[in-house]
2 protein chains.
Amino acid sequence: MPTHFKGDPKTVLALDTFIKFTRAASALENRLAHHNVLGDLTMTQFGVLETLYHLGPLCQGAISSKLLKSTGNITLVLDNLERHGLVRRERDAQDRRMVNLSLTPKGEELIARIFPLQAAIIAEELAVLEPAEQELLGRLCKKLGLGKQADPAVNRTLSSSEEPH
Amino acid sequence: MPTHFKGDPKTVLALDTFIKFTRAASALENRLAHHNVLGDLTMTQFGVLETLYHLGPLCQGAISSKLLKSTGNITLVLDNLERHGLVRRERDAQDRRMVNLSLTPKGEELIARIFPLQAAIIAEELAVLEPAEQELLGRLCKKLGLGKQADPAVNRTLSSSEEPH
DNA sequence: CGATATTATTTCGATATCAAATGATTTGAT
DNA sequence: ATCAAATCATTTGATATCGAAATAATATCG
């Protein structure tokens, strides 16, 4: 038994599933981090660069909701990316509340170089599952991720989102 | 298409699956956090209490590997738990390098009270999947979590592990 | 037009997280 | 018995992360 919980079978099954799900996420994340493809980039920094690379310039709020991170967090992550000269911030001329984000040439060069490497490593890690199993896992995760809401969200990048958070 | 990556179909499928998987993990984590059952406890603090509750006293290294967190991190998390009087640290008399951890009465009372609540919420969130789907998801996640290694690890608690990290 | 509401970002304080370095202790091998 | 290597925990420094509160700009409505 993967859990010590004594309760109704529905809850036991749910806990069991949850444990395996959560642990797989941690293990996979750790393994990806150890492949060292990202160099000094953190996962979130990579996510920001990747999102800008694939979707073009965006404002901070958009990045925040796509990555499911707080706006305060994104501010800090962007500070660090900007400090390293990978991202540019510019106040929007029309709506001066917004800050438009874009990749610098250096940032674009970097993400163009490492994204395919990261993709290859992800493919390698996922290869323990057959294509049909991957498809199935994707379908179950999508359902689980959306939860008890109908509104269908469309995912567009390696870490994009339209979901509420 | 959920990804903008142009490459061989294997990689595209893997990326697509990875996105859904990762996003489901984030979304679920966020939703659980918003249920507010844990009060002031963080997820990791809850994990520590829950592990001690179900497995009994352990040393820090054991907690660290069960939760897939660094020992440095666990040191800090335990500092905070100890400060709140939920956990006790005692140098092992036999091997004085180790620190044995146990729940205080206050800690035990707390985890005994909130664990069932958290379990119920998890069950509620997982309920978007049929029992058979949950079972399937669990099996796929287990395979993915173990990765390209043979050594079968046994999961015992809500967040336990014997895996390398 | 002006008060109010909404939206976007930043700041702040607390906690988490890792990797690397350090300190303490034990074990093993000579 | 001693010294080298391994093990366990802590510290340190950098980054992440959240939520709440503060700030700033814009939009809306009466």
Side-chain angles (χ1 to χ4, degrees), chain A residues 25-27 29-36 38-49 57-84 86-101 159 164-165, chain B residues 25-27 29-36 38-49 57-84 86-101 159 164-165:
Chain A
S26 285
E29 187 182 337
N30 286 347
R31 251 179 280 137
L32 288 178
H34 284 337
H35 273 285
N36 234 31
L38 304 187
D40 287 335
L41 289 182
T42 66
M43 270 294 190
T44 308
Q45 289 174 346
F46 176 81
V48 170
L49 296 182
L58 292 171
C59 71
Q60 295 195 188
I63 290 275
S64 161
S65 53
K66 280 180 192 309
L67 300 185
L68 296 184
K69 303 289 154 116
S70 71
T71 59
N73 178 22
I74 291 300
T75 292
L76 175 67
V77 172
L78 285 170
D79 286 348
N80 291 326
L81 285 172
E82 199 178 27
R83 189 155 46 74
H84 289 95
L86 300 170
V87 156
R88 200 178 4 246
R89 282 201 254 218
E90 287 169 311
R91 276 284 163 197
D92 188 294
Q94 272 69 47
D95 186 339
R96 297 183 42 70
R97 290 172 302 181
M98 296 192 197
V99 175
N100 290 125
L101 305 172
S159 41
H165 56 287
Chain B
S26 285
E29 187 183 336
N30 285 348
R31 251 179 279 138
L32 288 178
H34 284 336
H35 274 285
N36 233 34
L38 304 188
D40 287 334
L41 288 182
T42 66
M43 269 295 187
T44 307
Q45 289 175 345
F46 176 80
V48 169
L49 296 182
L58 291 172
C59 71
Q60 295 196 189
I63 290 275
S64 160
S65 54
K66 280 180 192 309
L67 300 184
L68 296 185
K69 303 291 155 100
S70 70
T71 60
N73 178 23
I74 290 299
T75 292
L76 175 67
V77 172
L78 285 171
D79 286 349
N80 291 324
L81 285 173
E82 198 178 27
R83 189 155 47 74
H84 289 96
L86 301 170
V87 156
R88 198 178 6 244
R89 281 201 254 220
E90 286 168 313
R91 277 284 165 195
D92 188 295
Q94 272 68 48
D95 186 339
R96 298 182 41 70
R97 289 171 306 182
M98 295 192 196
V99 174
N100 290 125
L101 306 170
S159 40
H165 56 288

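Numbers restart at 1 for each chain; the letters A, B, ... are given by sequence-line order, proteins then strands. What's counted below: heavy atoms across the whole structure, side chains too, no hydrogens, waters or symmetry copies.
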Measure the distance from [atom1] on [X] to [atom2] on [N] and round it to the nearest whole Å.
{"X": "A:L58", "N": "C:dA8", "atom1": "CG", "atom2": "P", "value": "13 Å"}
{"X": "A:N36", "N": "C:dA19", "atom1": "CG", "atom2": "C1'", "value": "11 Å"}
{"X": "B:I63", "N": "C:dA16", "atom1": "CD1", "atom2": "P", "value": "14 Å"}
{"X": "B:L67", "N": "C:dA16", "atom1": "CG", "atom2": "P", "value": "12 Å"}
{"X": "B:D40", "N": "D:dG19", "atom1": "CG", "atom2": "P", "value": "13 Å"}
{"X": "B:E29", "N": "D:dC18", "atom1": "CD", "atom2": "C1'", "value": "11 Å"}
{"X": "B:N30", "N": "D:dC18", "atom1": "CG", "atom2": "C1'", "value": "10 Å"}
{"X": "A:L38", "N": "C:dC18", "atom1": "CG", "atom2": "P", "value": "16 Å"}

Using a 4.0 Å heavy-atom cut-off, does A:Q94 contact any base of the nucleic acid, only the sugar-phosphate backbone, or nothing at all? sugar-phosphate

Just so I know, are the side chains of [X] and [Y] near enough to count as touching, which here means a heavy-atom distance under 4.5 Å?
{"X": "B:M43", "Y": "B:L32", "answer": "yes"}
{"X": "A:V99", "Y": "A:L78", "answer": "no"}
{"X": "B:K66", "Y": "B:L58", "answer": "yes"}
{"X": "A:P57", "Y": "A:N100", "answer": "no"}

Return the CG to OG distance between A:L68 and A:S65, rounded to the nearest 0.5 Å. 8.0 Å

Base-pairing assignment for D:dT2 (Watson-Crick or G-U wobble, both under 3.5 Å): C:dA29

Please determine whether a side-chain nitrogen or oxygen atom of B:H34 lies at a distance below 4.0 Å from atom OP1 or OP2 of D:dG19. yes

Under the side chain to side chain contact (heavy atoms under 4.5 Å, CB included) test, which residues partner B:D95, sequence neighbours left out? B:D92, B:R97, B:M98

By side chain to side chain contact (heavy atoms under 4.5 Å, CB included) - contacts of A:E82 (at least two apart): A:R89

Can you build the contact string for nucleotides 7-15 of chain D? Use B for base contact, S for sugar-phosphate-only contact, and - for no protein heavy atom under 4.0 Å. BSSBB---S

